[in-house]
S.K.: 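Encoded as C-alpha cells, here's the structure I'll be asking about.
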Amino acid sequence: MRPRWLIVLGALGVIVLNVVVFVAFWPPPTPPPDASPAQRLYFAHCLTCHGPSGNGSWRATLFLIRPGNLADPRRMRALSDEYLFDIIKHGGAPIGNPGMPAFGFHLSDAQIQDLVRFLRALPRKE
Ligand code: HEC
C-alpha cells in the first residue's frame with residue numbers, strides 16, 4: 001500500500017499548480033473603447049508588469065518583479081526620451097536591469113516613440 005502522505009503531497013501539488021496557473025493566466029484588463037494606439041500597445045505589452053497606471057501590477061509583485069513606478073513625475077522627469085526609447089527597444093539587460101524585457105523585435109521604432117509619449121503623459125493621468 002502507498003503511504004498516505006504521498007497522496008496528501010500529490011493533492012497539495014495539484015492545488016498549488018492550479019493557483020499558479022490561475023494567477024498567471026488571469027486575464028489582464030482590456031483598454032477602454034476610446035483608447036489611443038499607444039494606450040492599446042501599453043495594455044497589450046506593458047500592463048502585466050507595470051500595471052494600468054504605471055505604478056506596478058499585483059502580478060509583478062507576486063512574481064517578485066519590481067518594475068519601478070512609471071507614474072512618479074519626479075522619477076520620470078529625470079529620465080530622457082532617449083533612455084526611455086532605448087530601454088523599451090533593447091530592454092534593461094544592456095544597462096544591468098534585466099527585469100525589463102526588450103521590445104525591439106515586436107514593436108517598430110515609431111510604435112516605441114508613440115509609447116514614450118504615452119509614458120510622458122502617465123504621471124498626469126493619476
Ligand atoms: C516582464 C515584465 C515587464 C514588462 C512586460 C515590461 N516591463 Fe518595463 N520594466 C520592468 C522592470 C522589472 C523594470 C525595472 C528594471 C530595473 O530598474 O531593474 C522595468 C523598467 C522600465 C522602464 C525604466 C524605468 C526607470 O525608472 O528606469 C521603462 C521606461 C519601462 N520599463 C517601460 C516599459 C514599457 C513601455 C513596456 C511595454 C512595451 C514595458 N516596460 C514592459 C518589467 C517589465
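Hydrogens, waters and symmetry mates are skipped; everything else that's a heavy atom, side chains included, is used.
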S.K.: Do side-chain atoms of Arg120 reach the backbone of Met76 as a donor and acceptor pair under 3.5 angstrom?
M.R.: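 Checking the backbone N and O of Met76 against the side chain of Arg120, a donor-acceptor pair under 3.5 Å is found.
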S.K.: Under the rule for side-chain contact (heavy atoms from CB on, under 4.5 Å), what residues qualify as partners of Pro37, not counting sequence neighbours?
M.R.: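 For Pro37, the residues satisfying side-chain contact (heavy atoms from CB on, under 4.5 Å) (neighbours in sequence not counted) are Asp114.
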S.K.: Rounded to the nearest 0.5 Å, what separates atom CD1 in Ile112 from atom CG in Leu107?
M.R.: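 Ile112 CD1 to Leu107 CG: 5.5 Å, rounded to 0.5 Å.
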S.K.: Keeping Ser57 on the side-chain end and Thr48 on the backbone end, is there a donor-acceptor pair under 3.5 Å?
M.R.: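 Yes; at least one donor-acceptor contact below 3.5 Å.
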S.K.: Mind listing the closest non-hydrogen atom pair of Ala60 and Cys49 along with its distance?
M.R.: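 Scanning both residues completely, I find the closest heavy atoms to be CB-O, 3.5 Å.
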S.K.: Would you say that Leu122 contacts Leu119 through its side chain, given a criterion of any heavy-atom pair below 4.5 Å between the two side chains?
M.R.: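 Leu122 vs Leu119: side chains touch.
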S.K.: Could you list the residues that satisfy ring-ring contact (aromatic ring centres under 6.0 Å, His included) with Tyr42, not counting sequence neighbours?
M.R.: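 Once residues adjacent in sequence are excluded, the partners of Tyr42 under the ring-ring contact (aromatic ring centres under 6.0 Å, His included) criterion are Phe118.
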S.K.: Each residue besides Ile7 in its hydrophobic cluster should be listed here, by chain and number; the cluster joins Ile, Leu, Val, Met, Phe, Trp and Tyr at side-chain heavy-atom distances under 4.5 Å.
M.R.: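 Members other than Ile7 - counting any ILVMFWY side chain reachable under 4.5 Å - there are none.
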S.K.: Under the salt bridge (Lys or Arg N to Asp or Glu O under 4.0 Å) rule, what pairs show up with a residue in residues 65-74, not counting sequence neighbours?
M.R.: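 Those involving residues 65-74 do not exist here.
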S.K.: What pairs meet the salt bridge (Lys or Arg N to Asp or Glu O under 4.0 Å) rule with one or both residues in residues 24-41, with sequence neighbours excluded?
M.R.: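 Salt bridge (Lys or Arg N to Asp or Glu O under 4.0 Å) check on residues 24-41 returns no pairs.
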S.K.: With sequence neighbours excluded, what pairs up with Ser36 under the side-chain contact (heavy atoms from CB on, under 4.5 Å) test?
M.R.: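 Scan of Ser36 (side-chain contact (heavy atoms from CB on, under 4.5 Å), adjacent residues dropped) gives Ala38, Gln39.
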S.K.: Can you pull out every ring pair (Phe, Tyr, Trp, His ring centres under 6.0 Å) where at least one residue sits in residues 94-113? Sequence neighbours excluded, please.
M.R.: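 Every ring pair (Phe, Tyr, Trp, His ring centres under 6.0 Å) pair that includes a residue of residues 94-113, provided the two are not neighbours, is His45-Phe103.
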S.K.: Remaining members of Leu9's ILVMFWY cluster at a side-chain heavy-atom cut-off under 4.5 Å?
M.R.: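 Listed partners: Trp5, Leu6.
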S.K.: Let me confirm one number: the CG-SG distance from Leu70 to Cys46, rounded to the nearest 0.5 Å.
M.R.: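 Those atoms lie 8.5 Å apart.
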S.K.: Can you list, pair by pair, the side-chain donor-acceptor contacts under 3.5 Å of residues 83-100, counting residues two or more places apart and other chains?
M.R.:
from	atom 1	to	atom 2	distance (Å)
Lys89	NZ	Asp109	OD1	2.8

S.K.: Go through the structure and list residues passing side chain to side chain donor-acceptor pair (under 3.5 Å) with Arg75, not counting sequence neighbours.
M.R.: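 Arg75 satisfies side chain to side chain donor-acceptor pair (under 3.5 Å) with no other residue.
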S.K.: Which atom pair, heavy atoms only, marks the closest approach of Pro29 to Pro52?
M.R.: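 Here Pro29 and Pro52 meet closest at CG-CG, 4.4 Å.
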